[in-house]
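Reading through the structure tokens given below for one structure.
As the structure lists them, so they are numbered: ligands from 1, and atoms in each ligand from 1.
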Amino acid sequence: MSLLLKGCHLVDATSPEVRRDQYVLVEEGTIRHVGGGRPPAADHTLDLGGAYLLPGLWDVHTHLRTTTWTGPSLPSDAPEAIYSYGWCAMEALQVGVTAMRVVGIPYWADVAWRESFNSGQFSGPRLFCCGHGLRTSAGHDPSGAAAAGLMRSIDGPEAMVQAVREQIQHGVDQIKLVTTGGIMGGGHDVMSAIMFLREELEAALRIARQRGVPVAVHATSHEAVKWAVRAGAHSIEHGYILDEEAVGLMAARGVYYVPTLALSHLTADQASTPYEQHYCQAHVLPEGYRQRANRFAPGHEDSFRMALAAGVKIASGSDQGPPREAALLEIEFLARCGLGAHGAIVAATHTAAELCQVADRLGTVEPGKLADLIVVAGDPLEDVHHLRQLVLVMKDGQVVVDKRRTSW
Ligand SMILES: [Zn+2]
């Protein structure tokens, strides 16, 4: 069966220019043809009436939380928690997030939902899974996340190797290591603390590399970033406090940077758009976290700009919940903090697909790629907030959201 999407302007995540009056022909879930002029015949045709078509959006740093980190705690009951993760992912698809990388979750729930979405049993985004985050004892623990089973505490190089193997055994796509503190946490749980021994870090990365599994490293200080990059990290998460040497190493080795700007920027004091204000009203942060986020935001932004200037590859990941809200907010932060609309869209599509090693199949609108697409009413290159004017979501060639009747 073929489906023709005609009458659209194309934002294909390869060029900063809109390609006007294009059509996209989808067959068996794959983009067969993209062009202008007279469209080919198809079994079904959707006239998009001058809307903007682009690749589906990604969030490559999520824990599928239905609330913020500091919001009500997760259900402690395993079946209920597992259900809430899937629900959270399905909701994100409804706003145009067609793929996500899950970087720490209990019960290998990400792997289970990945399989159920891939088989078509439920309609959700493509998931790329890390299983549990691996930390050390007395390591990073944002709001009791370790206690909630999202991370495992591992000590010693041999145990670290065993833990990586266990994640692989359960079908993860990548490994997540949590090597430092973060914005949340207190006492010894600070950003400057590197919690891993170098031997533990190197052991984890050595076995992962040997097994062909990329490693995402939560590293907040420049020293921890350098350790991780030198040991062979695939991506650096957060990187709140970078320096020239750290960003130079990341650029030289092609390491991806997922800055998670939402973690430091989403406070009521900093909210500068109606969307941010709405989020901060709906999700009130505890005083301590609010103050720490405000304090770290300027340095975080400087680090991000330093990485941009050095040519580091940036991918969009929110690390905040719920992703149906946070994914778009992160894209808007990336745009505002230096990437611009086109750069932010690339970070949330093409580069995200590269980070998950599927850029040959996903991340742009080009013939031969899988048809994960969104359509929005306004030009997102003119104003990235137009990504919120959602008209249609297609995943794997299937229309999963169609708002044309209500919004036109
Ligand atoms: Zn995280």
Side-chain angles (χ1 to χ4, degrees), residues 58-71 73-74 81 84-85 88-89 92 97 100-106 108-110 127-136 139-153 167 172-185 189-191 195-196 214-221 224-225 228 233-241 256-266 283 285 289 292-293 296 300 303-304 314-323 325-327 329-330 333-334 347-348 352 355-356:
W58 293 57
D59 184 335
V60 298
H61 190 125
T62 185
H63 301 273
L64 297 180
R65 293 176 64 90
T66 54
T67 61
T68 63
W69 279 105
T70 49
S73 57
L74 285 168
S84 87
Y85 296 129
C88 189
V97 178
M100 310 170 101
R101 184 182 59 163
V102 186
V103 290
I105 203 165
W108 288 282
D110 49 350
L127 297 184
F128 297 85
C129 310
C130 296
H132 303 88
L134 304 180
R135 60 163 218 164
T136 62
H140 183 44
D141 191 9
S143 62
L150 187 156
M151 289 186 273
R152 285 195 165 171
S153 300
Q167 302 298 316
V172 301
D173 302 292
Q174 302 198 356
I175 296 293
K176 167 80 179 298
L177 303 180
V178 182
T179 64
T180 66
I183 286 186
M184 285 158 279
D189 190 0
V190 293
M191 288 196 196
M195 280 114 171
F196 277 51
V215 179
V217 181
H218 162 128
T220 47
S221 69
V225 168
H234 177 68
S235 68
I236 295 295
E237 312 298 308
H238 314 304
Y240 298 122
I241 309 162
Y256 296 89
Y257 176 34
V258 185
T260 65
L261 292 169
L263 277 192
S264 66
H265 283 58
L266 258 182
H283 309 284
L285 300 174
Y289 174 45
R292 288 176 72 158
F296 281 110
H300 190 188
S303 294
F304 172 64
I314 312 285
S316 184
S318 66
D319 199 14
Q320 193 50 288
E325 296 176 52
L329 289 165
E330 180 68 19
F333 286 130
L334 290 170
L355 177 147
C356 292

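Annotation: side chain of Thr180 is not in contact with side chain of Met191 (no heavy-atom distance under 4.5 Å). Side-chain contact between Leu266 and Phe333 is present, with at least one heavy-atom pair separated by less than 4.5 Å.
The minimum distance between the Zn ion (ligand 1) and any N, O or S atom of Asp319 involves atom OD1.
Here His218 does not reach the Zn ion (ligand 1): none of its N/O/S atoms is less than 2.8 Å from the metal. Under 2.8 Å from the Zn ion (ligand 1) lies an N/O/S atom of His61, whether from backbone or side chain.
Each of His238, Glu237, His61 was evaluated against His218; a single residue qualifies, His238, per the side chain to side chain donor-acceptor pair (under 3.5 Å) test.
Using cut-offs of 30° and 60° on the angle between ring planes, the pair His300 and Tyr240 is perpendicular.
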